[in-house]
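Below you'll find the structure, written out as structure tokens, and then a few comments.
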Amino acid sequence: MIACVINACAVVIGAFIGLLFKTRINEEFKRIVMLSAGLVTLVLGLDMALDTPNVIVLLFALILGGFVGFALRIEDRILSLGNRFGGSGDSSFGLGFLNSSLLFCSGAMSIVGSIEAGTTGNYDLILIKSVMDGFMAIVFAASYGKGVFLSAATIVVYQGAITLLGSQLEPILGEEGIATISSCGGFLLLMLSFGLLEIRSVKTGNFLPSLVIAPVLGALIELF
């Protein structure tokens with residue numbers, strides 16, 4: 001769990017720095033920050049999405065996951081939860097919480113690093129991820145504000161659970177399962193980047209079930 005705490009602390013520190021910048025830059029510079037965040041997220045998403053073991057699995061995972069997410073109104077519920085912490089007058093709080101949580105927890109480093117930390121005590125991947133997340137937290141906090149702080153809790157819960165269950169998850173997921181989740185996460189980051197770049201607003205949070213459905217479909221295909 002130490003690795004998860006370090007990662008969360010890096011995000012908190014980065015968000016604090018970003019919040020200082022947010023109060024000192026005008027609207028034009030904020031648009032530049034948002035554009036920069038969108039471009040970086042787009043590149044990260046493309047890099048992850050292109051490294052897919054099975055395109056058909058991802059297609060059906062995204063479709064089924066999207067149906068489930070929209071039926072359950074996952075994004076609306078997450079935004080509502082985030083805005084409760086930020087207050088009814090701060091609509092950007094929930095968006096900052098959702099988008100930064102997706103960015104910090106969608107990648108392979110989040111899964112593989114947590115499994116390694118839990119099974120072998122190797123924190124190298126998580127420490128590298130912590131540095132990357134800290135810098136991105138600066139950009140996101142400058143764009144969205146205080147909601148990015150709350151994503152540190154998501155890191156502790158999500159990565160902490162994987163760390164504690166690492167020895168059980170590693171043989172179940174396997175290399176291909178982890179690659180499938182990572183690739184699916186890449187598509188979610190692409191959706192997120194579309195919103196940041198003002199190309200199209202997508203309720204990315206509603207596609208979160210895809211991250212669970214993708215490795216399950218992959219395993220079923222291997223069986224049959």
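All figures in this text were calculated on a predicted structure; none of them were measured in a lab.
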Measure the spacing between [atom1] of [X] and [atom2] of [Y] and express it to the nearest 0.5 Å.
X      : Y      : atom1 : atom2 : result
Leu192 : Phe194 : CG    : CZ    : 10.5 Å
Ile181 : Ser210 : CD1   : OG    : 11.5 Å
Phe187 : Leu62  : CZ    : CG    : 6.5 Å
Asp133 : Cys105 : CG    : SG    : 8.0 Å
Met136 : Ser143 : CE    : OG    : 8.5 Å
Phe207 : Leu188 : CZ    : CG    : 8.0 Å

I want to check something: taking the side chain as every heavy atom from C-beta on, are [X] and [Y] in contact at a cut-off of under 4.5 Å?
X      : Y      : result
Asn99  : Tyr144 : yes
Leu44  : Leu103 : yes
Ile115 : Ile178 : yes
Ile6   : Ile126 : no
Thr180 : Thr52  : no

Please say yes or no: joined through hydrophobic side-chain contacts below 4.5 Å, possibly via intermediate residues, are [X] and [Y] part of one cluster?
X      : Y      : answer
Val212 : Phe60  : no
Ile63  : Ile213 : no
Met132 : Tyr123 : no
Ile128 : Ile2   : no
Leu20  : Phe149 : yes

TODO: Can you spot which of Thr41, Val139, Leu42 makes a side-chain contact (heavy atoms from CB on, under 4.5 Å) with Leu196?
DONE: Thr41
Distance-only donor-acceptor pairs under 3.5 Å for side chains of residues 67-78, two or more places apart:
unit_1 : atom_1 : unit_2 : atom_2 : d
Glu75  : OE1    : Thr204 : N      : 3.0
Glu75  : OE1    : Gly205 : N      : 2.6
Asp76  : OD1    : Lys203 : NZ     : 3.3
Arg77  : NE     : Leu72  : O      : 2.6

TODO: Answer yes or no: is there a donor N or O on one side and an acceptor on the other, between the side chain of Ser193 and the main chain of Gly38, under 3.5 Å?
DONE: no
TODO: Using the side-chain contact (heavy atoms from CB on, under 4.5 Å) rule, take Asp47 and Asp51 through it: C-alpha gap first, then chi angles, then the decisive distance, then the call.
DONE: CA-CA 7 Å; Asp47 183 53; Asp51 190 23; over 6 Å; no
Do you know the tightest heavy-atom contact between [X] and [Y]?
X      : Y      : value
Val57  : Ala214 : CG1-O, 3.4 Å
Ser114 : Gln159 : OG-CB, 3.4 Å
Ala8   : Val156 : CB-CG2, 3.6 Å

Open item on the list: Around atom OH of Tyr158, are there more than 12 heavy atoms from other residues, nucleotides or ligands closer than 6.0 Å?
Closed with: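 Atom OH in Tyr158 is crowded, with more than 12 foreign heavy atoms closer than 6.0 Å.
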Open item on the list: Does Ile199, at its CD1 atom, have more than 12 non-hydrogen atoms belonging to other residues, nucleotides or ligands within less than 6.0 Å?
Closed with: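 Correct, the count exceeds 12.
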TODO: Determine, stepwise, if the pair Leu46 / Val43 fulfils side-chain contact (heavy atoms from CB on, under 4.5 Å).
DONE: CA-CA 5 Å; Leu46 274 173; Val43 172; 5.8 Å; no
Task: side-chain contact (heavy atoms from CB on, under 4.5 Å) assessment of Asn7 paired with Phe104 - done: CA-CA 9 Å; Asn7 197 167; Phe104 300 147; over 6 Å; no
